[in-house]
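To start, the structure itself, in structure tokens.
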Protein chains: 2
Amino acid sequence: MSGKKVNRVRKTTRQPRTDALRNRERLLVAAKAVFSAGGPEASQEAVARRAGVGIGTLYRHFPTREALFEAVYRREVDQLVDLAGQLQSEALPLEALRRWLRSNVEFVATKKGMAAALALAAHGSSELSAYSFERLTNALGMLLARAAAAGEIRSDIGPEDLLRALVGMCVIHDRPGWQAGALRLVDVLVDGLRSRAATARPGSAAPRQRQDTGRADRGSP
Amino acid sequence: MSGKKVNRVRKTTRQPRTDALRNRERLLVAAKAVFSAGGPEASQEAVARRAGVGIGTLYRHFPTREALFEAVYRREVDQLVDLAGQLQSEALPLEALRRWLRSNVEFVATKKGMAAALALAAHGSSELSAYSFERLTNALGMLLARAAAAGEIRSDIGPEDLLRALVGMCVIHDRPGWQAGALRLVDVLVDGLRSRAATARPGSAAPRQRQDTGRADRGSP
DNA sequence: TGCAAAGCGGAGGCATCCTCCGTATATCTC
DNA sequence: GAGATATACGGAGGATGCCTCCGCTTTGCA
């Protein structure tokens, strides 16, 4: 409750120790893996063990369970945002949009446990989900705007709506074949967005369509 | 004490004891209240205390934490299904549809904690969410079919898609004013469903608002 | 090289989950 | 109505997990 540590970066600001940075990184990677596999009820000790650090270290970096969720969550969101930026410059507008949407589906598919963890995290901290919602909205908004500017899609659909639909598609991720259905639905959405007024030019110039796997995942050890 | 209980023979099926039924009912009511207020992390002991029974009784009726979630969940879903049946016979088709959709939003609004609990429950038991999804789909399907038969809405939108959209609207339930927005979106959805010609293809002439709902989902050919 | 500060790791207090079993009560038979 | 017995109740208690605290180690800087 008191002012706690005023983390001013003013005078004696030592550089953060390398082992601290390294351990923090390890913890985030481990947490992602553990929560993805075991859901949000996986123990903190399991995370620390997988990261190869003591439980005390975990709690110094992430004082509460929610703090850890949040950090992992933010990172995932950031990766999706980064992916949007990459696609923005690497792929044709419509294809960039489609790939990004598909990546979202795959994101949920490969991290089933994360979905529940995120629901829990969102329940605890409204600020967190507001943050992520805004960032994702912006990312998607850019993709949409670019595609709309190119005349490839209609321009009267906002990113919020699309994002909500996307979330809804992914929330029910338990039925067999949900992923195929969701991916199909992405295609339907994209097709539905294509403005029939604008003459859709079918990929006239695609000099180097990098075979990027569009995955926002990082290699795991 | 004896090695094995052999009374699995179903020769004499006693009636379930009345106190057992009463306690089970009390537990369900208490669990709903506790989880709604405190989220899925509320303790089992709190549920038992509120129900006025011992912890042992709780665990006899619901052997695991998930079992309790599931029972509460099923009951909530059943209530929504019942509501659909009532509205079916009490209200005009279009109004019945609108009211049911709004009830879904309010359901989430009054039970914030439940949303996270349900996400957790769904994560644990895929069978559970399949059950609820199917029941809700059927309920919504009846309302849709009735409204479509009355010629009040278009007939090419399936209940699954609508349900997914509804879920998506409710998942992000933390931002201030989300409920008002969701309720507005329900109206938009209903308005969008109204068949102005039963085969209305929106998008060519009418500029309309940005919130277009004319998604032609339903990919099943 | 020397020295604090920053960081590390795990023992341990506290809370919660779930099991086990002695006691109490409802149902059934006569 | 009374006895017999299956059924249910309730809480003590072991196991597990969350988080704190503190002595020891490592690192950055002079």
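Since we're looking at a predicted model, the values are computed, not measured. Letters A, B, ... are given to chains in the order of the sequence lines, protein chains preceding strands, and every chain is numbered from 1.
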Donor-acceptor contacts, no H, no angles, side chain residues 51-60 of chain B, under 3.5 Å, sequence neighbours left out:
none

When the nearest nucleotide of DNA chain D is assigned to A:R49 and to A:G56 on a heavy-atom basis, which residue is associated with the more 5' position? A:R49
Among residues at least two apart in sequence or on other chains, which ones pass side-chain hydrogen bond (donor to acceptor under 3.5 Å, both in side chains) with B:D78? B:Y131, B:R135
Contacts of type side chain to side chain contact (heavy atoms under 4.5 Å, CB included), residue A:D82, not counting sequence neighbours: none
Within this structure, what is the CZ-to-P distance between A:R65 and D:dC18, rounded to whole angstrom? 5 Å
Across all chains, not counting sequence neighbours, the salt bridge (Lys or Arg N to Asp or Glu O under 4.0 Å) partners of B:E25 are B:R75
Just to verify, what does B:R22 make a salt bridge (Lys or Arg N to Asp or Glu O under 4.0 Å) with, not counting sequence neighbours? none
Mind checking what makes side-chain hydrogen bond (donor to acceptor under 3.5 Å, both in side chains) contact with B:R50, not counting sequence neighbours? none
What's the CG-C1' distance between A:L27 and C:dG7, to the nearest Å? 13 Å
Nearest-Å distance for atom pair CD/P, residues B:Q44 and D:dT16: 18 Å
Applying side chain to side chain contact (heavy atoms under 4.5 Å, CB included), name anything that partners A:D187, two or more places apart in sequence or on another chain. A:R98, A:R102
By nearest nucleotide on DNA chain C, pick out whichever of B:P16 and B:A42 is the more 5' one. B:A42
Nearest to side-chain heavy atoms of B:I55, which nucleotide of D:dA12, D:dG10, D:dC19: D:dA12
Excluding sequence neighbours, so at least two apart, what forms side chain to side chain contact (heavy atoms under 4.5 Å, CB included) with B:A96? B:L87, B:A91, B:L143, B:R146
List in chain and number order the residues that pass side chain to side chain contact (heavy atoms under 4.5 Å, CB included) with A:A145, two or more places apart in sequence or in another chain; answer none if no residue qualifies. none
Under 3.5 Å donor-acceptor, A:W100 side chain and A:L80 backbone: yes
Donor-acceptor contact below 3.5 Å, side chain A:R65 vs main chain A:P40: yes
Interatomic distance where CZ belongs to B:R26 and P belongs to D:dA8 [whole Å]: 16 Å
Terminal axes of the helix from C:dT1-D:dA30 to C:dC30-D:dG1 (five pairs each): angle between them, nearest 10 degrees: 20°
Please list residues of residues 57-64 of chain B whose heavy atoms come under 4.0 Å from any atom in DNA chain D, ordered by number; otherwise none. B:T57, B:R60, B:H61
Could you state the CZ-P distance from A:R24 to C:dG9, rounded to the nearest angstrom? 16 Å
I'd like a table of atom pairs between the protein and nucleotides 24-27 of chain D - only N or O on both sides, under 3.5 Å - with the distance next to each one.
unit_1 : atom_1 : unit_2 : atom_2 : d
D:dT26 : O2     : A:R17  : NH1    : 2.8
D:dT26 : O2     : A:R17  : NH2    : 3.2
D:dT27 : O4'    : A:R17  : NE     : 3.4

5'-most contact on DNA chain C: A:N23 or B:E45, nearest heavy atom basis? A:N23
